Amino acid sequence: MEISELSLDERLISVLKERGVRRLFPPQAEAVRAGIFEGRHVLLCTATASGKSLLAEVASVKTALEGGMALYAVPLKALAYEKLVHFSHYGNLVKVGVSTGDFDSDDRRLYEYDVVVVTYEKLDSLLRHRPGWLSSVKTVVIDEIHYLGDPKRGAVLESIIAKIKHLGLRAQFIGLSATVGNATEVADWLGARLVVSSWRPVPLREGVYYGGRIYFSDGSHRAVSASGDAEVALAVDVVAEGGQALVFTNSRSSTARLAKAIARAIAAYPTKLINVAETEALAEEILRVSSSKIIGRELAEVVARGVAFHNAGLELEVRRLVEDGFRRGVIKVVVSTTTLAAGVNLPARRVVIADYERFDPVVGREEIPVLEYKQMAGRAGRPGLDAVGEAVIVARSKNEVGYLMERYIKGQVENIKSHILLEPNLRTHVLGAVGGGYAGSIDELVEFFSNTLGYFQSKIAVKSAVLRSKIAAAVEKLAEWGFLERDGDYVYATELGRQVARLYLDPETAARYIDFIKSLKEGNTAAYLYIVLTAPDFPRVRRGRVDKRVVEEVLKALDVEEDEEFEDVVKTVAMLMAWIEEADEDVIFEKFEVAPGDLRVYIDLFDWLGNAAAKLAGIIGEEEHRRRLEVVTARVIYGVREELLELVTTLRGVGRVRARTLYNFGYRTVRDIARASIREIASLPGFGEKLAKSIIEQARQLVETS
DNA sequence: GCTAACTAGAGCAGGTGCTTTGCAC
DNA sequence: CCTGCTCTAGTTAGC
C-alpha cells in the first residue's frame, strides 16, 4: 500500500514522504484496513521495528489535525522522551507535551497540547484529577500494552482503561503489543480489531550456542571462529565480521566482568576492530560525566576498546552515552542486564542471551519467560545495516541445546493474566476509583471493575458476586485505615483518602506512615528517614553495619521491634545520613555498596515519598512533623546539611559540592553572593568566570525581587 | 633446599528493573 | 540453587 493512497491530510502525507516513508509494511497496511485511521479500536501485535509506533503516531497526529486530543502512554520515562523526539518530526502540525513524574509540561496547561505523552502511572494520576480537557481526548495509544500482565503495573493499565471507559469518552484505543499468547482475548476485552503479524523488516535467525557452534532452528548450524568463553566468542566473531553485539546477562557484576573479557579479546584480535580515536574520546566523556571515579574508570577502560556494560547502577547520563555510542557504531558490544531489554530501541546484528535463568528471592533460580526472550531476540538486526539478525541463547551443556530450542525458540509466548483483582492491587485501585470520583457506592465499584481484564478473564459462573465480595473486603480495609467511609451501600473518600489517592500512595504505606507519625515521641532526622524508608518498594542497601547511633535515635522516637527488617532499614538510613551529612559520593558507593544509579533511585523515591509523608503529617494536624519532614526531604534531594539548603535550592549551577565551598568561604546566603564580585567567586575551587557571573546574576535578581 | 608462582579445592556471599505529588490564574 | 570470587593448602618449577 502506497502512502499517497491513504485518505490522510495532505500535510501529514508530505511529512511522511519527507521522512522517506513511501509505502507501508504489510502489517501496517493490515492495520489501515482494520480501520486504525477511521477511529476504530485496534490492537497491533507485531514484531519490534515493524512500524507499529509510526502508525500510532500518525493516528495521533491525524486526531490532532481534526481538532481532537491524543494521549500516548508508555511504560518508561526514557520512552516518553524518545516519543517526544519522534513527534517533533511532524514539525508544527502538532503541539506535543510530555508529562511524567519528574518532568512536567505544567499539568494545568496540558489542554494546550494536541498530543500528550505520559507514563502509565502519570496517566492514571491525571485521570484521578479529572481535568476538563479529558473530554476532547479522541485517541488513546497504549504502547507496550503487554505490560497488562505485569503484577503491579498491569493493574495500573487496567485501571486507566476502566476509567476512560467509565468517562464515556468517544475515544479510539490503539494498543501496541509484543507477541503474546492470548492476543485474541485481550482484543475481545478491548473491543478492538486484532492485527497479528510476525513480519519483520530484517529477517531473524534464532539459535542455540554450544561448544563453538550455533545450532539454528531450521536445522542448520555454523561454527564460530573466535575462541574463548561462549559470550566472548560470539561477540568477537560478529564484530570481526563488521557487526555489533548485544549481550544480556542476569547480574550487574557479570555485565562488567564479561565486558572486560570481551574487551581483552577485541584488543588481542589479530586485526584492528575498532576506531581508537573515537572510542577514546567517548571513554573520556564517560569519565567526565560519571559521578563515581571508580565506576567511571572501570567503564571508560572497556569503552576505550569498543565495549561497554550497561545496568541500572549507572547514572542515566552515562547510560545515554553508552546507548548513543552503540547507535553511532563507536561501541561494538554492549553487555547489559534487562535495562536494555525493554527500554529504548537499540538493535544489534547479534543478540546473545548469556543466561536464561534469573534469581528470584522466593523460588531461587527461575527461567525467564518466553515473552522476555522474544523481546530480547527481537533486538537482533539493524534495519539498513544488517541483512539478517541473529539471536543466540547460550547452552551450558550438550543436552540443553534441544531443550532451549523447544522452550524458547519454538516455544509459545505466555498469556497475559490480569492481577487487578488481587490484593494489594485491588484496594489501591478501589481507593483510586472512589477518590477520583469514578464510583460512589459498592454497586458503582462493581460496575467499574467489571470493565477490567481481570473480570473479563474470571471464568466463574457467579463471578459478579465474587467481585462484589472482594470489593467489599477492600472497602472494609480502606475504611479501617480511615481513607473511606461507608454509609449503607454508599462509599465516600475522606479528606485523607482523597489525598492518598492523589499522592499516588499505596494505601498500606500511607496507613503505616500515619501510624508512625502519630506515635512519634520526638522528631529527629534518623527517625524521619526511618519512617519514609519503611515503604515496601524502597530498595535497601546491601552492605553497611548497623550503626549504634542511628539505632538509638530511631528508638528514642519510635517503639519498633529490632528485627531483621529493622536492621535493613536502619542500614539504609545510615547511608542516607552519610549522604545528607555531605560524605563523598565514592565513599558512600564503597561503604554501602550502592552504585551511582542506585543513589539516584533513592533520591527520586525519597523526593516523592518524603514529601507525601510530610503532606500526610500536615493533614493529621502534625504541623511540626510536616515542616521537619519537608526539610529532611529537601536535604536528601540535594545531599546537604540544612545550612546549605538556601544556596542549593535557589541557584542553578550550584550543587552540594559547590554550595559547601561557597559556605565555607563565607558566602552563606544568596544575599552574601549578591554582594560578591565575579573575581572573588571565580577564584574559589570548582568555579570559573562564567559560572561566577551566572550565580551572582541569579543572586542579585533574587535579592531584588524579594 | 629454598622461594616464588601457580593450581586445585573448599567455603561462602550474592544474585533485574521500574513507575507513582502538587504547586497560580 | 548455582556461579564466581576469595582464601588456603599443596604442588611444581626455577635457581
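No experiment lies behind these values; they were computed from the predicted model shown.
Between the CG atom of N425(A) and the C1' atom of dC18(B) there is a distance of 15 Å, given to the nearest Å. Rounded to whole Å, the distance from CZ on F309(A) to P on dT16(B) is 14 Å. In this entry the distance linking CD of E366(A) with P of dG17(B) reads 16 Å, nearest Å. In this structure, E357(A) places its CD atom 15 Å from C1' of dT16(B), rounding to the nearest Å. Rounded to a whole Å, the CD atom of E144(A) is 18 Å from the P atom of dG17(B). If you take CE of M376(A) and P of dG17(B), they are 13 Å apart, rounded to a whole angstrom. Following rounding to the nearest Å, L316(A) (CG) and dG17(B) (P) show an atom-to-atom distance of 12 Å. Taking atom CG of L76(A) as the reference point, atom P of dT19(B) lies 5 Å away to the nearest angstrom.
Ring geometry, Y373(A) versus Y408(A): the interplanar angle falls from 30° to 60°, so the pair is classed tilted.
A donor-acceptor contact under 3.5 angstrom links the side-chain atoms of T338(A) to the base of dT16(B).
Within 4.0 Å (heavy atoms only), D607(A) reaches at least one base atom of the nucleic acid. Using a 4.0 Å heavy-atom criterion, one finds that L605(A) contacts the bases of the nucleic acid, with or without backbone contacts as well. Looking at heavy-atom distances under 4.0 Å, A612(A) makes no contact with the nucleic acid at all. In this structure, R319(A) reaches the sugar-phosphate backbone alone: every heavy-atom distance under 4.0 Å involves primed, P, OP1 or OP2 atoms, never a base. Using a 4.0 Å heavy-atom criterion, one finds that P75(A) contacts the sugar-phosphate atoms exclusively. Heavy atoms of R128(A) sit nowhere under 4.0 angstrom from any nucleic acid atom. Looking at heavy-atom distances under 4.0 Å, R502(A) makes contact with sugar-phosphate atoms alone, never a base.
The side chain of S125(A) places an N or O atom within less than 4.0 Å of a non-bridging phosphate oxygen (OP1 or OP2) of dT21(B). Of the side-chain N and O atoms in K77(A), one or more sit less than 4.0 angstrom from OP1 or OP2 of dT20(B). Taking 4.0 angstrom as the limit, K152(A) places none of its side-chain polar atoms (N or O) nearer than this to OP1 or OP2 of dG17(B).
One finds no salt bridge joining E414(A) and K374(A) here, because no Lys/Arg side-chain nitrogen approaches an Asp/Glu carboxylate oxygen to under 4.0 Å. Salt bridge status for K260(A) with E301(A): absent, with no side-chain N to carboxylate O gap under 4.0 Å. A salt bridge is defined here as a Lys NZ or Arg NE, NH1 or NH2 lying under 4.0 Å from an Asp or Glu carboxylate O, and R627(A) with E630(A) fails to meet this definition.
Considering all non-hydrogen atoms of both residues, R635(A) and W579(A) come closest at O-NE1, 4.4 Å. When all heavy atoms of A535(A) and L609(A) are compared, the pair lying nearest together is CB-CD1, 3.9 Å.
Counting only residues at least two apart or on different chains, the side chain to side chain donor-acceptor pair (under 3.5 Å) pairs with a member in residues 610-623 of chain A are D607(A)-N611(A), E623(A)-R626(A).
Between Q499(A) and N311(A), it is N311(A) whose nearest contact on DNA chain B lies nearer the 5' terminus.
Take H419(A) and apply the ring-ring contact (aromatic ring centres under 6.0 Å, His included) test, not counting sequence neighbours, and it matches no residue. Under the rule for a side-chain hydrogen bond (donor to acceptor under 3.5 Å, both in side chains), the partners of R252(A) that lie at least two apart in sequence or sit in another chain are D598(A). Partners of R128(A) according to the side-chain contact (heavy atoms from CB on, under 4.5 Å) rule, which considers only residues two or more places apart in sequence or in another chain, are D124(A), K163(A), T428(A), H429(A), A501(A), Y504(A). Applying the side-chain hydrogen bond (donor to acceptor under 3.5 Å, both in side chains) test to R358(A) and every residue at least two apart in sequence or in another chain returns E372(A). Every residue two or more places apart in sequence or in another chain that forms a side-chain hydrogen bond (donor to acceptor under 3.5 Å, both in side chains) with R320(A) is listed here: E323(A). Residues passing the salt bridge (Lys or Arg N to Asp or Glu O under 4.0 Å) test with E121(A) are R153(A), sequence neighbours excluded. The side-chain hydrogen bond (donor to acceptor under 3.5 Å, both in side chains) search around K152(A) returns D537(A), not counting sequence neighbours.
For K615(A), the listed nucleotide lying nearest its side chain is dG22(B); candidates were dG22(B), dC18(B), dG15(B). Closest to the side chain of D150(A), out of dT20(B), dG15(B), dG17(B), is dG17(B).
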Scan nucleotides 5-7 of chain B against the protein and return all N/O pairs shorter than 3.5 Å with their distances rounded to 0.1 Å.
none

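Near DNA chain B, meaning a heavy atom under 4.0 Å away, the residues from residues 246-262 of chain A are N250(A), S251(A), R252(A).
A cation-pi arrangement is absent between R257(A) and F309(A) under the rule of less than 6.0 angstrom and at most 45 degrees off the ring axis.
Between chain A and DNA chain C, the heavy-atom contact criterion of under 4.0 Å yields a 5' to 3' nucleotide range of dC1(C) to dC5(C).
Applying side chain to side chain contact (heavy atoms under 4.5 Å, CB included) to Y513(A) and the options L616(A), V500(A), L629(A) leaves one that passes, L616(A).
Consecutive Watson-Crick or G-U pairs involving DNA chain B, each under 3.5 Å on both distances, make up stems of three or more pairs at B:1-15 with C:1-15.
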